[in-house]
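Heads up, the thing below is written out as structure tokens.
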Amino acid sequence: MSATRSADASASDTARRRPALLGGAPAFNADVFVSRPLIPDPAAFSRLTTEVLERAWLTNNGPRTLELERRLTVQLGVAYCASFCNGTAALLTALRALDLEGEVITTPFTFPATPHCIEWNNLRPVFCDVDPETYNLDPAAVEAAIGPETSAIVPVHVFGNPCDVDAFQSIADKHGLRIVYDAAHAYGVEHRGRAIGTYGDLSALSFHATKVFHTAEGGAVVSDDSALHDRLALLRNFGIVDENRVSGIGLNGKLSELHAALGLLVLEGIDAEITKRGELVARYLDRLGAVPGLSFQRFAPETVRNYFNFTIEIDADVFGVSRDEVRAALRSEHIVSRKYFHPLCSDNECYDALPSVAPANLPNASRLTQKILSLPLYGELELEDVDRVADALLALPAHAAAIRKALKGGL
Ligand code: T4K
């Protein structure tokens, strides 16, 4: 099913197109969201969940959960996969499993879950700047921030773009640090022929409905280390060893059988989903790639991508319309873009007390967060939908003054 289009909004002459904000026909008749989950055949889901209900085994390492974990080790190219009820519980538990202390270096250009998980482990986040082109944590900034209290680094593969894993590993080796990758966005990504989950000590993934692969809510920690995997499995289940013994301060992080059943069906469509997303991204780049004032996240050419999202950077001085004006104008077209990630985590009041939040410490991230805008990307979109988004976007600069007037005080 493709998004609903306006019958009279097919003009490809973008210069003459009147933005919906200024009274033109909207690009779509119904909201087109930034992402939509891959939805498997409801009848197949009904069959699988009926079987789960009939078995009356709903959680605690049921057969569907174990099957999903087995399948994911193959899909993700890792030795071990511990499923979790969400990506936050996965990251929380990964950090806990390493018995860390003191400070943990991370990026401000991420979802709040990343630093929150550090804090919830009674560790102190230290924010470091990002590379302005890859959007990932900058290894040089990390090395400069290492102090006597530093115990680990939590880099994020932002939008599925592999971090500079070799640089982080050599920094960690040199300073005796652990690395936990926040791989929430990185299902299926490969870096130089190697699965992304095989780098660092542990990697935590999110299987939230907004992710390329999802279980509605869910997540996983993957690794190649059997002892760490055993510890994760223990901590995921309250630290219970057996009926007579609890050996660790665990939580309840288990994935249910119903979520696992959904995941097994989503896996069947995942390759087609990623292929389709790749085609849509190629079309976006065809349409927007050479437009002055627009730029894009840089991926190394050898990366096997999952096309988790499509984000543009808008230089208002060159494009003529600012990111926030673009976002508001697209909203009138029924195009729901999102500012991933704005504000920076370091700009949220809960982190005010940390010295590393100073904007002067984070110049690239501070600039980036003012410019980025994620556009709709999911497998059910059609190339024609991407054209409509591009047409709507490209029509804006010619109407910059009127847009600014229409939005005055309303952003
Ligand atoms: N680390 C990183 C780097 C992360 O990005 C995340 C989560 C985590 C850790 C933690 O993982 P989890 O504990 O969440 O598994 C969303 C997601 O809730 C969140 O999982 C994700 N990152 C983050 C980047 O995005 P919101 O607040 O933007 O979601 P929401 O509800 O606005 O949804 C976005 C769009 O998706 C909607 O406009 C429509 C569409 N949508 C959403 C849902 C939930 C659907 O079409 N169907 C749906 O069921 O946070």
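Along the sequence shown, the residues carry numbers beginning at 1. Counting convention: from 1, in listed order, for ligands and their atoms alike. These figures come from a predicted structure and were not determined experimentally.
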Any heavy atom of V336 sitting closer than 4.0 Å to ligand 1?
no
Y284 and F296: aromatic ring centres closer than 6.0 Å?
no
Looking only at side chains, do E119 and Y351 share a donor and an acceptor under 3.5 Å apart?
no
Does a sphere of radius 6.0 Å around CD in E302 hold more than 12 heavy atoms from other residues, nucleotides or ligands, not counting ones at 6.0 Å or beyond?
yes
Contact partition for T88 relative to ligand 1, non-hydrogen atoms under 4.0 Å
both
Students often mix this up, so state it plainly: with edges at 30° and 60°, are the rings of Y181 and F168 parallel, tilted or perpendicular?
perpendicular
Looking at C117, is its backbone amide N or carbonyl O close enough to the side chain of N121 to form a donor-acceptor pair, meaning the two atoms are under 3.5 Å apart?
yes
Hey, which atoms in ligand 1 end up nearer than 4.0 Å to a heavy atom of T114?
1 (N), 3 (C)
Just going by heavy-atom distances, which of D182, L205, T215, T107 is nearest to atom 1 (N) of ligand 1?
D182
So, is G87 polar-close to ligand 1, with some N/O to N/O distance under 3.5 Å?
yes
Any N or O of T110 that comes nearer than 3.5 Å to an N or O of ligand 1?
no
Atoms in ligand 1 flagged as close to S206, the criterion being non-hydrogen separation under 4.0 Å
11 (O), 12 (P), 15 (O)
side-chain contact (heavy atoms from CB on, under 4.5 Å) between F207 and V266, worked out:
CA-CA 11 Å; F207 301 154; V266 170; over 6 Å; no
Under 4.0 Å from atom 31 (O) of ligand 1, do we find at least one protein heavy atom?
no
Going through the distances and angles, do E279 and K276 end up as a salt bridge (Lys or Arg N to Asp or Glu O under 4.0 Å)?
CA-CA 5 Å; E279 290 164 8; K276 178 71 180 297; 6.0 Å; no
Where's the contact between H185 and ligand 1, heavy-atom distance under 4.0 Å: side chain, backbone, both or neither?
side chain
Say whether S35, considering both its backbone and side-chain N or O atoms, lies within less than 3.5 Å of an N or O atom on ligand 1.
yes
Using a 4.0 Å cut-off to any heavy atom of A209, which atoms of ligand 1 qualify?
49 (O)
Determine whether any heavy atom of E217 lies closer than 4.0 Å to an atom of ligand 1.
no
Heavy-atom contacts with R36 under 4.0 Å: which atoms of ligand 1 show up? List them by number with element.
45 (C), 46 (O)
Where ligand 1 meets K211 - atom numbers and elements under 4.0 angstrom, heavy-atom basis:
7 (C), 19 (C), 20 (O), 21 (C), 22 (N)
